[in-house]
Amino acid sequence: MTGRTMAAVVCAALLCVAQAAAQSPELPQPPETGMSKADVIEATATRAADGTWSFRVTVAHDDEGWDHYADRWEVLSPAGDVLATRVLLHPHVGEQPFTRSLPGVVVPPGIERVRVRAHDSVHGYGGDEATVDLSASP
């Protein structure tokens with residue numbers, strides 16, 4: 001085989017590989033271990049007799065220890081004002097996902113929906129959030 005023929009064969013093979021790659025669906029990438037942001041995977045609210053709200057929030061995060069863990073979650077108004085913060089005082093390495101509650105939250109009149117977001121000590125905010133419809137809550 002001449003050098004010119006070899007080059008033609010190599011080019012044809014590369015073209016076939018490129019066409020096959022373009023036609024195949026992209027495979028999902030595995031999550032980056034230790035690089036995830038804190039995700040709120042569930043949030044509920046219950047109204048107390050005194051008119052305040054109790055929030056129950058489930059967070060998932062690849063806590064690694066004291067240097068990298070989900071350290072709080074917040075309840076936000078539709079305008080983005082922080083209505084309440086639940087500080088998480090320690091890592092939850094062996095407890096994932098985990099659920100924590102916060103009673104006594106005052107939600108201003110007229111607000112029917114709130115957002116709940118979580119924070120981690122390395123990446124800050126940016127994980128999945130949840131919306132709680134207070135008009136549908138007991």
Side-chain angles (χ1 to χ4, degrees):
M1 195 181 282
T2 67
R4 188 175 192 171
T5 306
M6 178 65 88
V9 169
V10 169
C11 285
L14 290 174
L15 180 61
C16 287
V17 169
Q19 287 175 338
Q23 293 173 355
S24 327
E26 188 174 320
L27 296 175
Q29 297 297 314
E32 297 181 51
T33 307
M35 295 298 288
S36 70
K37 297 179 181 178
D39 294 322
V40 175
I41 59 174
E42 185 177 15
T44 59
T46 306
R47 191 168 193 158
D50 66 359
T52 64
W53 292 87
S54 178
F55 285 84
R56 183 173 165 84
V57 176
T58 301
V59 175
H61 181 263
D62 292 332
D63 284 9
E64 296 175 358
W66 289 102
D67 292 333
H68 186 195
Y69 71 101
D71 58 1
R72 68 181 171 266
W73 53 260
E74 297 176 335
V75 179
L76 301 148
S77 73
D81 299 318
V82 177
L83 302 175
T85 302
R86 172 60 155 95
V87 176
L88 304 168
L89 299 175
H90 60 86
H92 296 86
V93 176
E95 181 189 358
Q96 289 294 322
F98 61 93
T99 303
R100 295 296 180 271
S101 297
L102 180 63
V105 177
V106 175
V107 176
I111 293 180
E112 294 184 1
R113 292 177 192 258
V114 294
R115 288 181 15 236
V116 180
R117 67 179 179 181
H119 180 276
D120 85 60
S121 60
V122 172
H123 302 104
Y125 300 105
D128 292 339
E129 297 181 357
T131 300
V132 180
D133 184 354
L134 301 177
S135 66
S137 298

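In this text the structure is predicted, and so the values were computed from the model without any measurement.
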Look at the side chain of D39 and the backbone N and O of D128, then say whether any donor-acceptor pair between them is shorter than 3.5 Å. yes

Distance-only, no hydrogens or angles: does the S121 side chain make a donor-acceptor pair with backbone N or O of Y69 under 3.5 Å? yes

Testing T58, V59, V40 one by one against P97 for a side-chain contact (heavy atoms from CB on, under 4.5 Å), which residue passes? T58

Can you check whether I111 reaches P78 side chain to side chain, under 4.5 Å on heavy atoms? yes

Is there side-chain contact between V105 and V107, with at least one heavy-atom pair below 4.5 Å? yes

For [X] and [Y], which heavy atoms make the closest approach, and how far apart are they?
{"X": "D63", "Y": "A70", "value": "OD1-N, 3.0 Å"}
{"X": "W53", "Y": "L134", "value": "CH2-O, 3.5 Å"}
{"X": "K37", "Y": "H61", "value": "C-CD2, 3.5 Å"}
{"X": "A45", "Y": "F55", "value": "CB-CE2, 3.6 Å"}
{"X": "V122", "Y": "D120", "value": "N-OD1, 2.7 Å"}
{"X": "P108", "Y": "L83", "value": "CD-CD2, 3.9 Å"}

Check for me, please, whether W73 and F98 land in the same ILVMFWY cluster - side-chain distances under 4.5 Å, paths through other members count. yes

Aromatic rings H90 and H92: how do their planes relate, parallel, tilted or perpendicular, breaks at 30° and 60°? tilted

Candidate pair H68 and H123, rule side chain to side chain contact (heavy atoms under 4.5 Å, CB included), full reasoning: CA-CA 9 Å; H68 186 195; H123 302 104; 3.4 Å; yes

Taken to the nearest 0.5 Å, the spacing of R47 CZ from S135 OG works out to 11.5 Å

Gap separating the CG atom of D71 from the CH2 atom of W66, nearest 0.5 angstrom: 10.5 Å

Pairs flagged by side chain to side chain donor-acceptor pair (under 3.5 Å) wherever residues 74-88 is involved - sequence neighbours left out: E74-R117, E74-Y125

Flag if over 12 foreign heavy atoms under 6.0 Å of CG, D133: yes

